[in-house]
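Working notes for the structure below.
Keep in mind that the numbers below use all heavy atoms, side chains included, and drop hydrogens, waters and symmetry copies. Note that this is a predicted model, so its numbers are computed, not measured. So you know, we letter chains A, B, ... as the sequences are listed, proteins then strands, and number each from 1.
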There are 2 protein chains.
Amino acid sequence: MKFSTRSTYGLRAMINLAQNWQKGSIPLSAIAKNENISLGYLERIFAVLKKAKLVKSEKGASGGYVLSSSPGDIDVYSIINALDGEASSFHCMDEGGKVYCNEKCECSVEPALLKISQAISAALKNIKLKDLI
Amino acid sequence: MKFSTRSTYGLRAMINLAQNWQKGSIPLSAIAKNENISLGYLERIFAVLKKAKLVKSEKGASGGYVLSSSPGDIDVYSIINALDGEASSFHCMDEGGKVYCNEKCECSVEPALLKISQAISAALKNIKLKDLI
DNA sequence: AGAATACCAACTAATTTAGTAGGATATATG
DNA sequence: CATATATCCTACTAAATTAGTTGGTATTCT
């Protein structure tokens with residue numbers, strides 16, 4: 001289970017923003033250069049992060065992105081969940097955690113997969129950006 | 001971060017084996033039918049699980065697969081790690097946990113990604129097959 | 001002998017991923 | 001006001017991965 005580059009890039013960028021939090025808006029071009037990530041790709045990643053209300057943007061010269069709340073209030077789960085879909089869920093599990101592997105599914109594995117899912121979510125929710133600086 | 005069907009199928013099959021542990025070898029055809037998974041695909045999944053020494057096989061009629069140790073001794077981390085590569089690692093992180101996003105990488109995110117990686121691994125190592133029956 | 005099983009390799013269609021290209025819109029600053 | 005610097009938006013593409021199929025071979029129980 002590897003994280004996609006999308007998640008990885010997103011996380012690295014968010015950590016970058018957290019490190020420069022007091023400096024106000026940071027343009028993506030700076031982050032792209034810092035982290036050696038393609039600017040165009042990073043733009044689309046930030047479109048998602050913005051939609052998830054994890055960052056705010058300011059247009060125009062000297063604009064850029066800022067965290068929408070303090071590094072202590074944003075957890076890793078939210079970031080990964082926004083970028084790679086429902087974090088720690090399984091192929092045969094829908095958004096609510098319901099398993100649908102069989103038609104007549106009184107599926108014996110449902111509680112098992114759910115348990116694993118929740119363990120990972122809990123672990124990620126417990127890590128805040130502040131802890132990663 | 002979704003688990004691939006490979007991991008999901010593998011987990012479901014392993015849970016199935018754990019449930020039938022006392023019955024000895026179970027043929028893949030039974031699991032495939034039970035779990036509604038394509039037999040050919042399941043065969044390749046079990047080739048990996050066997051290589052990782054998580055299951056043992058017996059050829060021939062009335063053969064099949066058994067867990068290599070008791071359901072209390074096999075954890076979810078081992079299964080997912082075998083099937084989907086180093087569990088909870090990142091795009092820019094090699095097997096040892098070293099980050100290589102930049103050439104001149106005294107990379108500031110390395111400890112961060114490592115911390116996340118380890119949190120997930122720990123959560124998964126803590127769940128045994130026995131806990132999922 | 002025959003059936004059931006593990007084991008193995010090659011091929012394929014579909015999807016996802018990561019990245020590129022080219023622009024439109026907004027805004028701070030000289 | 002002009003310009004540079006941003007976000008924002010859409011479409012395209014090459015590469016990789018994924019899930020699955022097919023057609024076998026080797027082994028062993030009955």
Side-chain angles (χ1 to χ4, degrees), chain A residues 1-13 17 20 23-68 80 83-86 90-92 101, chain B residues 1-13 17 20 23-68 80 83-86 90-92 101:
Chain A
M1 188 199 55
K2 279 200 165 171
F3 288 94
S4 64
T5 60
R6 182 165 48 236
S7 280
T8 310
Y9 287 174
L11 257 176
R12 280 166 53 195
L17 281 188
N20 295 301
K23 294 186 192 166
S25 287
I26 308 283
L28 282 193
S29 54
I31 299 180
K33 199 178 174 188
N34 246 5
E35 297 287 336
N36 201 26
I37 300 172
S38 118
L39 177 60
Y41 196 34
L42 203 54
E43 283 177 341
R44 267 177 305 161
I45 290 174
F46 268 77
V48 178
L49 292 174
K50 190 188 174 184
K51 203 172 173 187
K53 297 201 197 304
L54 295 170
V55 295
K56 285 182 292 191
S57 67
E58 282 177 57
K59 277 188 162 186
S62 89
Y65 286 93
V66 212
L67 298 183
S68 63
I80 290 177
L83 292 173
D84 268 341
E86 177 68 15
F90 288 91
H91 175 252
C92 62
C101 24
Chain B
M1 188 198 56
K2 279 200 164 171
F3 288 96
S4 64
T5 61
R6 182 165 48 234
S7 280
T8 310
Y9 288 173
L11 257 175
R12 281 166 53 196
L17 282 188
N20 296 301
K23 294 186 193 165
S25 286
I26 308 283
L28 280 193
S29 55
I31 299 181
K33 198 178 175 188
N34 246 5
E35 297 286 336
N36 201 26
I37 299 172
S38 119
L39 176 60
Y41 197 33
L42 203 54
E43 283 177 340
R44 266 177 306 161
I45 290 173
F46 268 77
V48 177
L49 292 174
K50 190 187 174 185
K51 204 173 172 187
K53 296 200 196 305
L54 295 169
V55 295
K56 285 182 291 190
S57 67
E58 283 177 55
K59 277 188 164 185
S62 91
Y65 286 93
V66 213
L67 297 183
S68 64
I80 291 177
L83 292 173
D84 269 341
E86 177 67 18
F90 288 90
H91 174 253
C92 62
C101 25

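The nucleotide whose nearest atom lies closest to any side-chain atom of A:S38 is, among C:dC7, C:dT20, D:dA19, C:dT20. Closest to the side chain of B:T5, out of C:dT17, D:dG20, D:dA19, is D:dA19. Closest approach to the A:S62 side chain among C:dG19, D:dA19, C:dA28 is made by C:dA28 (side chain taken as heavy atoms from C-beta onward). Checking C:dC8, C:dT17, C:dT27 against every side-chain atom of A:K59, the shortest atom distance belongs to C:dT27.
For the side-chain contact (heavy atoms from CB on, under 4.5 Å) with A:I31, the qualifying choice from A:I37, A:L17, A:N20 is A:L17, the only one to do so.
Closest-nucleotide positions on DNA chain D for B:A61 and A:G64 were compared, and the one nearer the 5' end corresponds to A:G64. Heavy-atom distances to DNA chain C give each of B:P27 and A:G63 a nearest nucleotide, and the one nearer the 5′ end belongs to B:P27.
Between A:S57 and D:dA6 there is no side-chain polar atom (N or O) within less than 4.0 angstrom of OP1 or OP2.
A donor N or O paired with an acceptor N or O is found under 3.5 Å between the base of C:dT20 and the side-chain atoms of A:R44.
Atom NZ of B:K59 sits about 14.0 Å away from atom OG of B:S25, to the nearest 0.5 Å. The structure places CG of B:L28 at 12.0 Å from CG of B:N34, a figure rounded to the nearest 0.5 Å.
Taking the six-membered ring where tryptophan is involved, the planes of B:F46 and B:Y65 are tilted, since the angle between them lies from 30° to 60°.
Within the 4.0 angstrom heavy-atom criterion, only backbone atoms of the sugar-phosphate kind lie near B:Y65; the bases stay farther away. In this structure, A:E43 reaches the bases: a heavy-atom distance under 4.0 Å links it to at least one base atom across the strands shown. Among the heavy atoms of the strands, none lies under 4.0 Å from B:S25.
Look at NZ on A:K51: it is 17 Å from C1' on D:dT7, rounded to the nearest Å. Rounded to a whole Å, the CZ atom of A:F3 is 13 Å from the P atom of C:dA18. With rounding to whole Å, B:D84 atom CG is found 8 Å from D:dA19 atom P. What separates CG of A:L17 from P of D:dA6 is a distance of 14 Å, to the nearest Å. Rounded to whole Å, the distance from CZ on B:F46 to C1' on D:dG20 is 17 Å.
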